[in-house]
There are 4 protein chains.
Amino acid sequence: MGAVKTKRMPRAVREQQMLDAAVRIFGRRGYMAASMDEIAELAGVSKPLVYLYLNSKESLFTACIRREAEALVEAVRAGVRRELPADRQLWEGLDAFFTHTSRNPDGWAVLHLQARTHGEPFAAVVTAMREEIVVFVTQLIVDAAREAHRDPHLPGREVAGLAEALVGAAESLAAWANATPGTTARQAAATLMNFAWAGLGDLMDGRPWSPPEPDQDAQDRGQTGGSAETSPTR
Amino acid sequence: MGAVKTKRMPRAVREQQMLDAAVRIFGRRGYMAASMDEIAELAGVSKPLVYLYLNSKESLFTACIRREAEALVEAVRAGVRRELPADRQLWEGLDAFFTHTSRNPDGWAVLHLQARTHGEPFAAVVTAMREEIVVFVTQLIVDAAREAHRDPHLPGREVAGLAEALVGAAESLAAWANATPGTTARQAAATLMNFAWAGLGDLMDGRPWSPPEPDQDAQDRGQTGGSAETSPTR
Amino acid sequence: MGAVKTKRMPRAVREQQMLDAAVRIFGRRGYMAASMDEIAELAGVSKPLVYLYLNSKESLFTACIRREAEALVEAVRAGVRRELPADRQLWEGLDAFFTHTSRNPDGWAVLHLQARTHGEPFAAVVTAMREEIVVFVTQLIVDAAREAHRDPHLPGREVAGLAEALVGAAESLAAWANATPGTTARQAAATLMNFAWAGLGDLMDGRPWSPPEPDQDAQDRGQTGGSAETSPTR
Amino acid sequence: MGAVKTKRMPRAVREQQMLDAAVRIFGRRGYMAASMDEIAELAGVSKPLVYLYLNSKESLFTACIRREAEALVEAVRAGVRRELPADRQLWEGLDAFFTHTSRNPDGWAVLHLQARTHGEPFAAVVTAMREEIVVFVTQLIVDAAREAHRDPHLPGREVAGLAEALVGAAESLAAWANATPGTTARQAAATLMNFAWAGLGDLMDGRPWSPPEPDQDAQDRGQTGGSAETSPTR
DNA sequence: TATGAATGAGAATTCATTCAT
DNA sequence: TATGAATGAATTCTCATTCAT
């Protein structure tokens, strides 16, 4: 099991192997239940080497969190075209988010489940990343109001709460989509977009938010999109 | 800080003391980091007694999860009057949920953070409880559609996703409300209700969902309600 | 090897067994080279029990040092009759000191070799004990001067240096006596007493200090004394 | 702090750098607590080079002990003019000894504290050196007796004990002088010389041994001598 | 009902030491 | 002459769990 034992490789490479193994073990077993022995074995190296490069279990865990947080933020950032209208940006962000988390479930487990469960030092990194995303979403909500030429009657705290709810719903859906076979990132994004933008009330009235044309959009980004399930234009 | 050392009390009482202590420790330290020593000390009994009554750490943890899950479901159930319209039922359920979690943060931490992070046996209990709630919410959505005499054009999976998103948002807001000083359960419920029912689109258009009259409602349930921040009738 | 495995004994007894074992191992191997495993085995208990009672290697070592230091000081104190003239007191103190160290070589090694070699926290305990003894000796020197009705022309620092030298010589002779077969505590005490009181110069002139009558003295204290080798009355 | 990193230097030089570093680390941390990593870093070389030149930790430690022992014996030997009377020789030896140990505290710590605390192989080297010095001192005592034209009534073992006590007192005073600010090597030597030669009894009677004239003596040896504190000529 | 005494099993971490270049 | 990469073997310490009373 674990990586093939290739001897004598440069430090940078070994470090990534170790982080790969650590993310996998931490994500599945949890921080405390993960043992350095298991991580080292999965990485195909001896324990002392793990300590030599990553210093301690805490520091290894932190390195995992940091790497995964940066990768996630980067994935979302790269998936959003800032010149589009706010709702389209939100859609793209959600799509990128669900895509990344579904492709990288262990990393997502580290961020979403493990990091938050083991005290300030670790949680802080995730909190910072989450804050970045919440701020981004908050801005999108404000932009959307401006684009609608409306005074949204929304005080600051209210907007914060909405952004928080949206991000929370996304996080939760990510786990659900991963656990529900046959659910694509695109479908999860569409569901949430509808929920967030149109609301249950409008959905009851048959007025969902309209996701972009899947085919055309896929061509734009080079992705193979399944069609969102609820898509009549409002 | 532990319970006052009273010797020789009936088993049922001792067990509750132990569970109280265990929930507190598990909620704060996490499952793995919690030690049976600390739990026994906080419960004011010797370790062998904990084992005599609760058998093992796993079994103790399971008992905690079960107790807290039942308490939460019961709190929500008791808070909802099933004869009201769907949106009012949802509102009452959210209110009851946020109230319970804010009053019982350690129990909530056990359910939301710890139980899900330590493998199937534990997660299963929470999943079952969550499923109960998701089913309830799903039913509410279907009811709402029926009440609106509409065919909502929503396939089953889509409704499941919406309920999932709603519950996820609620869970996330619970943590946020607990962590944000000055945020009441009622405000959290109002924010989420708006978000869920009206959606961002409608909120942009100045058409939020209308929460019930706080004063009258408070009289109904015996609570002192702060007024929801976004409340013009639609 | 190690103590006979007698199960289930009261804590206080087990603790002494552990300290006995620890003193022996620390004294022979040194602090760092001693392993908790070895100590536990020699004590006839499991390692966790050692930790349960003594908390850590450091704390165990400290407990050893403290116990041995107190035992040594007590032995010297009990061996000296304070109503005698200064030189007799010094003699009795030296005799008690060499007797104790020769009967308890591991304890002496802990104090003299190990404790001083492993940093402030440990050395401090020994330093305090040594200071107590140096103060006692200093007082004896001053008393001796007073008894001789002399102004000894000795400034404070000089007396301190003399006491220090005397104690140092004693410490060194203790190791030598232990390592040189056939050397009794009484002989060591006599040699040092001569050296200290008469000085090499007087010894050259055939004027040594006179130790007390061995037989009579032994009767006083219940000890079987070998006769000191250099004993003509001055 | 380590040596400046100069690449490619002759083996002999590198070896001395390593020994310098090792003496410092061993002297401060102790044998077991010293790590080869730290020593290599302080020496400014890689660990494998240390092994290439010095073979092992044990062998490195032995090399340190040997070097420091030789340096100390050589310093004492060079400080004593063998043509002087015995007491003057003793005085010069003590002065040289205290001077060397105070200038080289890490080396002295290695010899006095570390080497004796870590088993026969190491202690043996120091014991041999010490023996050399004890023999020298023993000879001085015998010489002194001969010079006094006296039969000192001192059997061999007694003389050995006296020499042992004298050397032990010197070792102890060296640590004391190093730890007591403002105490010079010369003062320490004077104190001990008085103690050893005159003895407490004579000191009480106001008849100390007379140290040589500091100024004249300093001219002899090229040292700036502080005056000894107790110096009336006998 | 209740507990003081005790341990097997495993956790993180460190170190002296070597290999391949 | 010199080193980056790598490890086997301990070491300290903790924990869930049980026994005997």
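Residue numbers begin at 1 in each chain, while the letters A, B, ... track the order of the sequences.
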Going by salt bridge (Lys or Arg N to Asp or Glu O under 4.0 Å), name the pairs with one or both residues in residues 47-67 of chain A, residues two or more places apart or in two chains. A:Asp20-A:Arg67, A:Asp37-A:Lys47
Return the residues of residues 119-126 of chain B meeting this criterion: a heavy atom under 4.0 Å from some atom of DNA chain F. Order them by number, or give none. none
Which residues satisfy the salt bridge (Lys or Arg N to Asp or Glu O under 4.0 Å) test with A:Arg24, sequence neighbours excluded? none
Take atom CE of D:Met18 and atom P of F:dA2, then tell me their distance rounded to the nearest Å. 8 Å
Earlier contact from the 5' end, DNA chain E, for B:Leu49 and C:Ser46: B:Leu49
All side chain to side chain contact (heavy atoms under 4.5 Å, CB included) counterparts of C:Ala71, not counting sequence neighbours: C:His100
Calculate the interatomic distance between D:His118 atom NE2 and E:dA16 atom C1'; express it in whole Å. 15 Å
Apply side chain to side chain contact (heavy atoms under 4.5 Å, CB included) to B:Leu113 and list each qualifying residue two or more places apart in sequence or on a separate chain. A:Thr117
Any base atoms under 4.0 Å from B:Arg11, or only sugar-phosphate, or nothing? Heavy atoms, all strands. nothing
Sequence-distant partners of D:Glu15, side chain to side chain donor-acceptor pair (under 3.5 Å), two or more places apart: D:Arg11
For a quick test of reading the model: is some side-chain N or O of D:Arg14 closer than 4.0 Å to OP1 or OP2 of F:dA2? yes
Dot-bracket for DNA chain F, please, read 5' to 3', with Watson-Crick or G-U wobble pairs under 3.5 Å on both distances, ( ) within the strand, [ ] crossing, | other strand, . unpaired. .||||||||||||||||||||
Calculate the interatomic distance between C:Met9 atom CE and F:dA20 atom P; express it in whole Å. 17 Å
Partner set under side chain to side chain contact (heavy atoms under 4.5 Å, CB included) for B:Ala69, not counting sequence neighbours: B:Leu111, B:Met129
Spell out, as yes or no, whether a donor-acceptor pair under 3.5 Å connects the side chain of C:Ser59 to the backbone of C:Asn55. no
Distance in angstrom units between A:Tyr53 OH and E:dT14 P, rounded: 17 Å
d(CG, C:Leu52; P, E:dT7) in whole Å: 11 Å
What string of B, S and - do you get for nucleotides 11-18 of chain F, 5' to 3', when a contact is any protein heavy atom under 4.0 Å? -BBBBSBB
Length of the line joining D:Glu15:CD and F:dA2:P, which is rounded to integer Å: 11 Å
Hey, could you give me each pair passing ring-ring contact (aromatic ring centres under 6.0 Å, His included) that has a residue in residues 10-41 of chain B? Not counting sequence neighbours. B:Phe26-B:Tyr31, B:Phe26-B:Phe61, B:Tyr31-B:Phe61, B:Tyr31-B:His118, B:Tyr31-B:Phe122
With D:Arg116, which residues qualify under salt bridge (Lys or Arg N to Asp or Glu O under 4.0 Å), at least two apart? none
Whole-Å distance, D:Leu54 CG to F:dT1 P, equals 14 Å
The criterion is side chain to side chain donor-acceptor pair (under 3.5 Å); which residues satisfy it with A:Glu68, sequence neighbours excluded? A:Asn104
Can you find a pair of side-chain heavy atoms, one from B:Glu38 and one from B:Glu41, that are under 4.5 Å apart? no
Kindly point out which of F:dA2, E:dT7, E:dA2 is positioned nearest to the side chain of C:Val45? E:dT7
